[in-house]
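Whatever order the structure lists ligands and atoms in, that order sets their numbers, starting from 1.
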Amino acid sequence: MKIEICVGSSCHVRGSYEVVKNVEAFVKDQGLEQDIELKGCFCMGHCTEGVSMKIDGAVLQVSEDTVVELLSEKLREK
Ligand code: FES
């Protein structure tokens, strides 16, 4: 699974740093380092709706509180 989290200025203000930290902690806790590729990326043009992230190319809006649950859901669907 490839995860990209926007570190553009608007997403940064909305907490992308905390989102990255939560994702990193989740990946480590679950021992998923081999299965998940985590990268930062620049503005995806969805600045108004929360922190933007891409999971396998699909753009989603998350917050530091919702990202772990969303990720768990996506992993269950795999
Ligand atoms: S700054 Fe993140 S989508 Fe624009």
Side-chain angles (χ1 to χ4, degrees):
M1 185 184 268
K2 184 174 172 189
I3 297 175
E4 293 167 77
I5 297 173
C6 177
V7 293
S9 52
S10 176
C11 288
H12 181 76
V13 169
R14 286 170 210 271
S16 62
Y17 179 69
E18 282 72 25
V19 169
V20 171
K21 277 203 325 204
N22 288 352
V23 171
E24 279 176 346
F26 174 77
V27 167
K28 199 168 171 227
D29 278 1
Q30 305 287 315
L32 294 168
E33 290 93 338
Q34 304 300 317
D35 304 312
I36 291 185
E37 181 190 351
L38 181 62
K39 289 171 93 177
C41 68
F42 294 109
C43 183
M44 303 179 196
H46 294 271
C47 310
T48 55
E49 303 140 44
V51 177
S52 298
M53 75 188 277
K54 267 190 201 172
I55 297 183
D56 290 338
V59 179
L60 301 157
Q61 258 62 49
V62 295
S63 72
E64 62 179 298
D65 301 323
T66 61
V67 68
V68 166
E69 198 182 322
L70 189 124
L71 214 49
S72 313
E73 238 170 65
K74 293 284 170 195
L75 285 164
R76 276 197 298 272
E77 287 169 12
K78 284 239 156 200

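Atoms CG and CZ, from Leu70 and Phe26 in turn, are 10.0 Å apart once rounded to the nearest 0.5 Å. Interatomic distance, CD of Glu4 versus CE of Met44, reported as 6.0 Å (0.5 Å rounding). We find the CD-OG distance between Gln30 and Ser72 to be 6.5 Å, quoted to the nearest 0.5 Å.
Atom 2 (Fe) of ligand 1 has Cys6 SG, Cys11 SG as protein N, O or S atoms under 2.8 Å away.
Note on Asp35 versus Lys2: no salt bridge recorded, every NZ/NE/NH1/NH2 to OD/OE distance being 4.0 Å or above.
Screening His46, Arg14, Glu64, His12 for a side chain to side chain contact (heavy atoms under 4.5 Å, CB included) with Val51, the sole residue that qualifies is Arg14.
Grouped by direct or indirect side-chain proximity (heavy atoms under 4.5 Å, Ile/Leu/Val/Met/Phe/Trp/Tyr only), Tyr17 sits alone.
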